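Worksheet: one structure, shown below.
Below, chain A is the first sequence line, B the second, and so on; all start at residue 1. Quantities reported herein were computed from a predicted structural model and do not represent experimental measurements.
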Number of protein chains: 2
Amino acid sequence: MSTPPSLHALIAALKTLPGIGPKSAQRMAFHLMQRDQKGAADLATALNNALGKLKHCSLCNTFAEVDLCDVCSDEKRQHNLLCVVEMPTDLMMLEQTLAFHGLYFVLMGRLSPLDGIGPNDIALQRLLERASDGVVEEVILATNFTTEGEATAHYLAEMLRARGLKVSRIARGMPVGGELEHVDAGTLAQAMLERRSV
Amino acid sequence: MSTPPSLHALIAALKTLPGIGPKSAQRMAFHLMQRDQKGAADLATALNNALGKLKHCSLCNTFAEVDLCDVCSDEKRQHNLLCVVEMPTDLMMLEQTLAFHGLYFVLMGRLSPLDGIGPNDIALQRLLERASDGVVEEVILATNFTTEGEATAHYLAEMLRARGLKVSRIARGMPVGGELEHVDAGTLAQAMLERRSV
């Protein structure tokens, strides 16, 4: 039996979701059509809604429905600290720590020459303008500790230092609760190199 | 930072998919909005399309976009054999075996008194009418070997036998390539009880 075209198309569309293979996509499609048609309609509405309403904060570049996001419009934040992250998810993770009270800038990507993503493909120019507003004193680079994230941090550090800004990088080292026996050698080596006096 | 409402709604809608928890839903939502807006639009279209076009085959009750599905409209199938399954997925699994050339009937559910699903909530009446068309000689019960599936099979067997039809159940036993050492005790016990002379 051939699958009806609209069902086949639904399975194919679900398969493009991250972490969803052909089997899961089929299970989801049947679940939605057999047992949860309301859920399917809700999901379609939510997708179209998000596509229509979500734009980027004019100051920090994260997702927002309004011109200025909650963080940027909060008067109580420290306006002299600017934390640079790759993605809105990273911003949310940092906010959950409650350890940072400055402002953010979301690059919406990272430098990745192998994938053809150069300085013009991320919001680099906007970051430089944002950081040179005369209020920002320190830029904290919180890109990922992947090859691309590190390269992005190095590149940004050079550009930002050339503009007379203080630039810092979030620390590498042992995770909280981590045991030396179970941590990878690279992390342990960094923790040793970047040891601090107590 | 509070998530924008439309993004929050999208995450909530994705979370209703089977097997998707809060973390995965968030990852999917960000992926769709950050990197794959076309994928998001395609998925919304596919959902609405499927909701609009998919209906049930008038003969076997499976999903189809037309009145009669591919299997039911195939002249070459054996019209005297009717295989009863719970769900369209089950039908597709059986079709992939290429071992059955009769027709199907999809219950779209199973008897499950605990969940309040009685004989009137599955397509039982339609099955009885379908099986009594004078052409069907044998009804093969291929509901799952779960408690509910077994109960459904017992119930159906009684109803169908009362109408003078030959009723059979697909076999239980060792899986192909299965080793006695690794099979569960229940399956092995059934394989012993239902042994056949060779």
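- Contact check for B/Leu17 versus A/Leu43: side-chain heavy atoms found under the 4.5 Å cut-off.
- Residue contact with chain A, scored on non-hydrogen atoms closer than 4.5 Å, is absent for B/Asp74.
- Between A/Ala64 and B/Pro4, the shortest heavy-atom contact is CA-CG, 3.9 Å.
- Of the possible donor and acceptor atoms, none in the side chain of B/Gln34 sits under 3.5 Å from a partner among the backbone N and O of A/Met108.
- Heavy-atom minimum distance, B/Ala44 versus A/Asn48: CB-OD1, 3.5 Å.
- Side-chain contact between B/Leu10 and A/Leu54: absent, with no pair of heavy atoms (C-beta onward) separated by less than 4.5 Å.
- The number of heavy atoms from other shown groups lying within 6.0 Å of CD (A/Glu158) does not exceed 12.
- B/Met33 is listed as a side-chain neighbour of A/Phe63, based on a closest heavy-atom distance under 4.5 Å.
- When heavy atoms are compared at a cutoff of 4.5 Å, B/Leu32 approaches chain A solely by way of its side chain, counted from C-beta outward.
- No other option in A/Gly19, A/Ser24, A/Ala40 has as many heavy-atom pairs under 4.5 Å with chain B as A/Ala40.
- When each of A/Gln37, A/Lys53, A/Met28 is scored by its heavy-atom pairs under 4.5 Å with chain B, the top score falls to A/Met28.
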Exercise for the section: Run the numbers on B/Thr89 and A/Gln26 for side-chain hydrogen bond (donor to acceptor under 3.5 Å, both in side chains), then give the verdict. Expected result: CA-CA 9 Å; B/Thr89 17; A/Gln26 188 181 310; over 6 Å; no
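- The minimum heavy-atom distance linking A/Ala46 with B/Ala13 is given by the pair CB-CB, 3.9 Å.
- Interface check for chain B: of the options A/Ala29, A/Ala12, A/Gly109, A/Pro5, the most heavy-atom pairs under 4.5 Å are formed by A/Pro5.
- Note that CG of A/Leu7 is 7.0 Å distant from CE of B/Met92, once rounded to the nearest 0.5 Å.
- Interface residue B/Ile20: only side-chain heavy atoms are found under 4.5 Å from chain A.
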Exercise for the section: Take B/Met87 and A/Arg35, measure what side chain to side chain contact (heavy atoms under 4.5 Å, CB included) needs, and give me the verdict at the end. Expected result: CA-CA 11 Å; B/Met87 288 291 175; A/Arg35 296 177 216 259; 3.6 Å; yes
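- B/Leu111 and B/Val84 fall within the same hydrophobic cluster, defined by Ile, Leu, Val, Met, Phe, Trp and Tyr side-chain heavy atoms under 4.5 Å apart, directly or through other members.
- Applying the 6.0 Å contact sphere to NE2 of B/His8 captures no more than 12 heavy atoms from other residues, nucleotides or ligands.
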